[in-house]
Every structure is written in structure tokens, then in C-alpha cells.
Q: 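What follows is a structure written as C-alpha cells; I'll ask about it next.
Letters A, B, ... mirror the listed sequences (proteins, then strands); counts begin at 1.
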Amino acid sequence: MINIKFPDGAERSYENGISPLEIAKSISEGLARKVIVTSVDGVVRDLSTPLVTDASIKLHTWDDAEGKSTFWHSSAHILAEAVEATFPGVKFWVGPAIDKGFYYDMDLGGKSISEEELLGLEKKMAELARKNNVFIRKEISKADAIAYFEEKGDEYKLDLLAGLPDGEITFYTQGEFTDLCRGPHIPQTGLVKAIKLTSIAGAYWKGDEKNKQLTRIYGVSFPSQKELDEHIQMLEEAKKRDHRKLGKELGIFTFDDDVGPGLPLWMPNGTIVIEELERLAKETEQAAGYKRVVTPHIAKESMYLTSGHLPYYQDSMYPPMELEGVKYYLKAMNCPHHHKIFSAESRSYKDLPLRLAEYGTCYRYEQSGELFGLMRVRCLHMNDAHIYCAKEDFAKEFRAVNDMYIKYFKIFGIEKYVMRLSLHDPAKLGQKYINEPELWQETEAMVREVLIESNIPFVEVQDEGAFYGPKIDVQIWSAIGREFTLATNQVDFAQGRRFNLQYTNKENHAETPLIIHRAPLGTHERFIGFLLEHYAGKFPLWLAPVQVKVLPISDKFNDYAESVNQQLLNAGIRSELDDRAEKIGKKIRDTELMKVPYMLIIGEKEQTENAVSVRRQGKGDAGMSSVSEILTNLTTEIRDRQSNS
RNA sequence: GCCGUUGUAGCUCAGUGGUAGAGCACUUCCUUGGUAAGGAAGAGGUCGUGAGUUCAAUUCUCAUCAACGGCUCCA
């Protein structure tokens, strides 16, 4: 007999060799039907794994992350089975579960799959799932595994095998399909009741653009049709929030073929959001002891050679223009210009920390396929600043920057993000990263310590640092689930020396400052793209392009409405009058669709009482209010940058 | 940049080997209506661009540009 411990602390004894599936059955038939996979002492295993020692187990259903990922991974195997049945001779690479489904990478020998064929595969998968084939696990020697795939002529699996130690190799077979796989899997294919193959794409083998491109099929699957329907519904909701759609509907930005890809034109409504964000940044930075500067959009090649950016960055800079034998580049970053301002005057320790801020315009020649609405563009306005400080002040300054982030995020109600400590990769010193192993370790430790001290949750990621130092990135997700860095806070121990930046310390010696690069509001482009999705287009009052719409019920009240509108304008409120000869219902509808926060409706009653009827966007009638009262309320809400309640 | 898909009016989209249509938006007129669409008339497109096939191309073929879904990359 063995003792099995459950997550709730309960313990039961079972016969030696019992499987977790049988345990599930012993608890209830319902559970046995729902259970997908199990954890044994924290390791995810097949339900058929015999248990031969005392263990803690957790039975995972669809509701657990482990359940979902196993379910999707098994779905990927079913996809492969369908593909192999449809396109004999196909070779497979890997087919993992991902966040929202699964994919399988394959080499179809140059054949491309059409939409109809994708639908055909989906049908075939459903058919295979209905067969309810069991996933059979088999341990196999490396030699036998190699022989199997040599026979099949599958160089991809052979490549995979080359990296695996003998004795840990397993095959999984369901129906006619056998795959090299570590597992675990669902017990049988019949659990998969609903399948949607979502898209088909190219993907480089091993993620390296120098390698051959494989065909990747994405899909998602569910234990019931109802859940698939809900999933599709959710995707449609997400599309409504897409900043590209909202940006067009709300007149925020546009693109034009003659201007160029990745070069957004900010329309009047978008420009208001930009200006409000800049106002917030100016106020915040002024209070935090920053000084504002303005720098040109271009500079000579020599500066980027000095900074060291050119070799790392040239591919993503617009090509240089040459004048009288001198090359000029459009700036892709503001740092070197700011460094030149630092070195324009002799600096003493008394001048430090020196914090130079600029909403800097940068141009980056991103690859055409990388462009994505406002989130990835070629012309960007960065909420940039560089802090030059002595090493002993570093922690304090770095922490102050983090505090500024938190302050901003609170204003915008940003909660769904991940702080990522981005480190270097020692293997890439001298290539992707400045070759200063000790400085890397030292600064990485400093940053980590600041994060821990400030109690900020974060994840550490290798090989994501800037070339001149480690950084903290704030990661967010777009409506359609793509990940972006919203803001960044970087340490730079390299450029100070490259630019020969110096200050005189207390002992009258020259010293090189550490530099902090920071952009808590990222760029206008990405930040506003993010905010559009975050608010679903419903900006809080202080950010809303049009804050108030004055809606007279008929022409008879136009004069009074005009005077109300003028009083709002005089108070600095962005108000507009809708004096069209339309019915009030129509005016309200149009204003609701434009997501204007406040509507002031004016008819006979309001005119007589020198009042307005207030309607909040999305919330309906909020009753009458005197003009002076609504003026005070609006002004306060704007001044305090209140969020939507 | 690579793989795949798409490209018709300001927007959302029908449609066809014989030089184009709807709804919304726009203009004018009628309507003066109390919390999400009042009515009528009108204007608006060389069907992304260039070449080819054809008696004839918006429709078929190729190239190119752009957007979209991914890969790579990134604020």
C-alpha cells in the first residue's frame, strides 16, 4: 500500500501501482470524466502513470493551467495526425501549447495550405478526436528512436533527438500517429470536443531568421462547443477594443500611403491626448527636479560612432543623408544629444544628479513586417530623460524613477503589467552587449536590489538588456494579445565613458557619472495605443479630446446652449455645441458613439432655470444641475485627473 | 526582411470578362422633436498602382505598393 496526499491535506492509502486516473475514479465518476492530467510531487504526469511510492498528487482539470496546456498539447498531436493523413511525407518540428491554444511547426516540402485545406484539417481533427484513440506512452532507446526517424526521413526530429540524453526518450502514439514527445498527454482524444484552427503562418526553424521557414498552423480547442463559442465571442470583443479600430473611429490618428508606413499622422483629437500627456509629464518631472531640453532630430555620423549606437543600431536607423561629404542620421534615440548637453558645461558633484528631459522625436526604420498600428511605428515621440548621477546616488535615483512609474500607473489605473528585469547574456558579451562582465554584474545586482527594496514584483529575463546596461521593462499586452514594452528604465555604465562625460567630485577628481535612461510613459505612439485599448476608447475626462457636448433639444434653445458652451470654453473645458437640426435622440447617439464623457442637454426647463441636464457617457441621465455647479464639478474632475468611476 | 491573406465611395462592405452598387457619413430642403438612428432629394469611385492576356479587364495572370495574421525584431 502507498499513501497519497491531496492538495487539501487529506491522505488516503491505495494499492501500490494504482494510476491517478483510478484514484480519480475512486473519488467520483464525475471527476474521472473531467480530469486531464496529474501532478505527482509537483511534476506533471500522465493519468496512466502507475504510482509506486508515497506521493502528493493534484488532479488537474480544464480549469487549471496544467490541464489547459496538456489539453492543447495533445490537440497539437491530433493536428499533426490530421496533417500527416492529409499530406503524406510531411515532416514535423515541434507542437507546443501556448497561452491561448497550440501550434505545430512542419515542413510541407514547399506546399502551402489554403483556407479550404485548413477547414478540411479542422474536420479531419474532429473526426480523429471522435475516434477516442488512447495516447500511448512508450519509453524507447535513443538508437531505436533515431532508427525510427531515419526510416521516416525526418531530419527535424533527428535534430531534436541529437540533443536528448538516452534513457529519457519517450514516444507517444494516438491512432496512426507517433511522435517524439516528453508528454504528458490527455488519456484519449475524445476529450477534445471543439476545435478551431485559427491561422496559418510562416515561422523560422528554431526561431532564427537565417534558417528555413516552416509552416506553422495555430489552433485552439475546448472540452465543449460552448466554450469554443465563448472563446470566439471574446475574440470579437477584443477586436472592438483594438486601438487601430478605435483610433480611426475616434479621429485619433491615421496613416497615409504618401507619408509612409509606420509614420502616423496625429489628428486633432489625438493631438489633444498627446498634449495632455505632455502636460502631465512636464508637471511631474518639474516637481521631481528634471530640467527640460530640446534637441535636433538629426546628428552627424561621428556622434553615433562615439556613442557606439551605430554598429548595434544601424539596421534600424533610416539611411544617412550625405551633405558636403558628411553623413547625417535621423536620430533613433535621444541619449547622445543629451550627453552633449551634459558635456557642454563643466560639471561639479554639486550639479548632480542632473536630470535632462525631453519628449524626443525619434525615427527608427523598423522592418516593414514589424509595424503594428501605433504600437510599432517608425516615427515616435519618447517620454525620455537621462539622469546623470554619482554611483552613490544611483539607488536613490533609480528608486525615484520607479516611484514615478507607480505614480503614473495609478493615475491611469494600469494594473495588468509585468515588471521585467532585463539582463545581459554572458555568451553575447562583445556582440550584443558591451564587453564589461564585471560592470554588468554589479549594475544588475544594484537594480535587483532596488526592486526588492521597493517591494516591486518582477521577473528576471536573460538576454533582454540594452547594449549598455540592464533595464527594467514594463510589459503589457495589446487587445489582441500581443506583448509590448510600454515603458523602460535603463542603467548605462558605458556611454558616460564613451562620451568622456565627467564631473569633479568632492576630492577635486574627475569622475564619470552613471546614467539612467528612463521613459515611464514610453512613447506617445505606444502609450496612446495602449490607453485606447485600456479604456476601450472611453478616456477619463482630463484626457478626453472632447470633454463635453452641449445638446440643445431644438433650435429654440440654440442661443442659450451657445452661452453655456461659451462658459465651458472660457473655463478651459473642451466643449462643443451640436446645433444641428436633429432630434435629441440622434444627437445623444452620435455623442455616445464618440465616447464623449459628458452631455449637457438643454431644453425649455433648463433655459428657464439657467441649468443643464447632465448625461454621462454610458450611464444615462444624471439629472439637472445649475451651470455654475456643473462648471465646478467638471473643473475639479479635470484638475485632479480623476479616473472614470 | 521572410511565409500567408487581403486591397471596390470618407467609413463598413456587396458585386461582375461588356467601363459599378448598399448602409452610414457628407450637402440641400422639410421636420422643432426631452435622453442611443425623423423624412426627402443630391453629390461622391478611371474598383491600390503598373504591365500582360483578351475584341473587351474592376473581374484572369505577373510585378509592385500598402494593410492584416504570424516569424524575426522592439519604445
Q: Given pairs defined as Watson-Crick or G-U wobble with both distances under 3.5 Å, what dot-bracket annotation applies to RNA chain B, with ( ) intrastrand, [ ] crossing, | other strand and . unpaired?
A: (((((((..((((....[..)))).(((((.......))))).....(((((..]....))))))))))))....

Q: Report yes if the distance between the aromatic ring centroids of A/Tyr156 and A/Trp205 is under 6.0 Å, otherwise no.
A: yes

Q: Provide, to the nearest angstrom, the distance between the CD atom belonging to A/Glu249 and the P atom belonging to B/U12.
A: 9 Å

Q: Would you check if A/Met404 and A/Thr284 make a side-chain contact, meaning some heavy-atom pair closer than 4.5 Å?
A: yes

Q: With rounding to the closest Å, how many angstrom separate the P atoms on B/U54 and B/U46?
A: 28 Å

Q: Quick one: A/Lys556 NZ to B/U31 C1', roughly how many Å, whole number?
A: 12 Å

Q: Closer to the 5' end of RNA chain B via nearest nucleotide, is it A/Gly262 or A/Thr215?
A: A/Thr215

Q: Calculate the interatomic distance between A/Asp590 atom CG and B/C11 atom C1'; express it in whole Å.
A: 14 Å

Q: Hey, can you tell me if A/His309 and A/Tyr304 have their rings parallel, tilted or perpendicular (30° and 60° cut-offs)?
A: perpendicular

Q: Between B/G1 and A/Ser368, is there an OP1 or OP2 to side-chain N/O distance shorter than 4.0 Å?
A: yes

Q: Under 3.5 Å, is there a donor-acceptor pair between the A/Gln495 and A/Ser307 side chains?
A: no

Q: What is the distance from atom CG of A/Leu541 to atom CD1 of A/Ile573, rounded to the nearest 0.5 Å?
A: 7.5 Å

Q: If I compare all heavy atoms of A/Glu366 with all of A/Arg378, which pair ends up nearest, and what's the gap?
A: O-NH2, 2.6 Å

Q: Determine whether the aromatic ring centres of A/Tyr218 and A/Tyr103 lie less than 6.0 Å apart.
A: yes

Q: Roughly how far apart, to the nearest Å, are B/U16 and B/U27 at atom C1'?
A: 31 Å

Q: Could you tell me how far apart A/Ile588 (CD1) and B/G33 (P) are, to the nearest whole angstrom?
A: 15 Å

Q: With rounding to the closest Å, how many angstrom separate the P atoms on B/A22 and B/A41?
A: 12 Å

Q: With rounding to the closest Å, how many angstrom separate the C1' atoms on B/U58 and B/G18?
A: 12 Å

Q: What does A/Glu606 touch in the nucleic acid at a heavy-atom separation under 4.0 angstrom: a base, only the sugar-phosphate, or nothing?
A: base

Q: With rounding to the closest Å, how many angstrom separate the C1' atoms on B/G48 and B/U59?
A: 15 Å

Q: Whole-Å distance between B/G10 P and A/Met267 CE?
A: 14 Å

Q: List the steps and the verdict of side chain to side chain donor-acceptor pair (under 3.5 Å) for A/Tyr329 and A/Gln314.
A: CA-CA 10 Å; A/Tyr329 281 91; A/Gln314 193 160 25; 2.9 Å; yes

Q: Looking only at heavy atoms, which two atoms of A/His339 and A/Tyr388 are closest? And how far apart?
A: ND1-OH, 2.7 Å

Q: When the C1' atoms of B/A67 and B/U61 are compared, how many Å lie between them, rounded to an integer?
A: 23 Å

Q: Would you mind building the protein contact string for nucleotides 68-75 of chain B? One character per nucleotide, 5' to 3', B for base within reach (heavy atoms under 4.0 Å), S for sugar-phosphate only, - for untouched.
A: SBBBBBBB

Q: Counting side-chain heavy atoms from CB outward, which of B/U35, B/A36, B/C26 is closest to A/Arg580?
A: B/C26

Q: Between A/Phe527 and A/Phe412, does the ring centre distance come in under 6.0 Å?
A: yes

Q: Rounded to the nearest Å, what distance is computed from the CG atom of residue A/Asp105 to the C1' atom of nucleotide B/G4?
A: 14 Å

Q: Does A/Lys248 place a side-chain N or O at less than 4.0 Å from the phosphate oxygens OP1/OP2 of B/U12?
A: yes

Q: Just to be sure I understand the rule, does A/Gly585 reach a base, reach only the sugar-phosphate, or reach nothing, if contact means heavy atoms closer than 4.0 Å?
A: sugar-phosphate

Q: Aromatic contact between A/Tyr359 and A/His524, with the criterion being ring centroids under 6.0 Å apart: yes or no?
A: yes

Q: Please find out if less than 6.0 Å separates the ring center of A/Tyr417 from that of A/Trp477.
A: no

Q: Determine whether the aromatic ring centres of residues A/Phe484 and A/Phe372 are separated by less than 6.0 angstrom.
A: yes

Q: Give the rounded distance in Å between these two atoms: CD1 of A/Ile601 and P of B/G34.
A: 12 Å

Q: For nucleotides B/C73 and B/G17, find the distance between their C1' atoms and express it as a whole number of Å.
A: 44 Å

Q: What's the gap between B/C24 and B/G44 when it is taken at their C1' atoms, as a whole Å value?
A: 14 Å

Q: Does A/Thr591 reach a base, just sugar-phosphate, or nothing at all? Heavy atoms under 4.0 Å.
A: nothing

Q: Nearest whole angstrom, please: distance from the C1' of B/A37 to the CG of A/Asp578.
A: 13 Å

Q: What string of B, S and - do you get for nucleotides 39-51 of chain B 5' to 3' if you count protein non-hydrogen atoms under 4.0 Å?
A: -------------

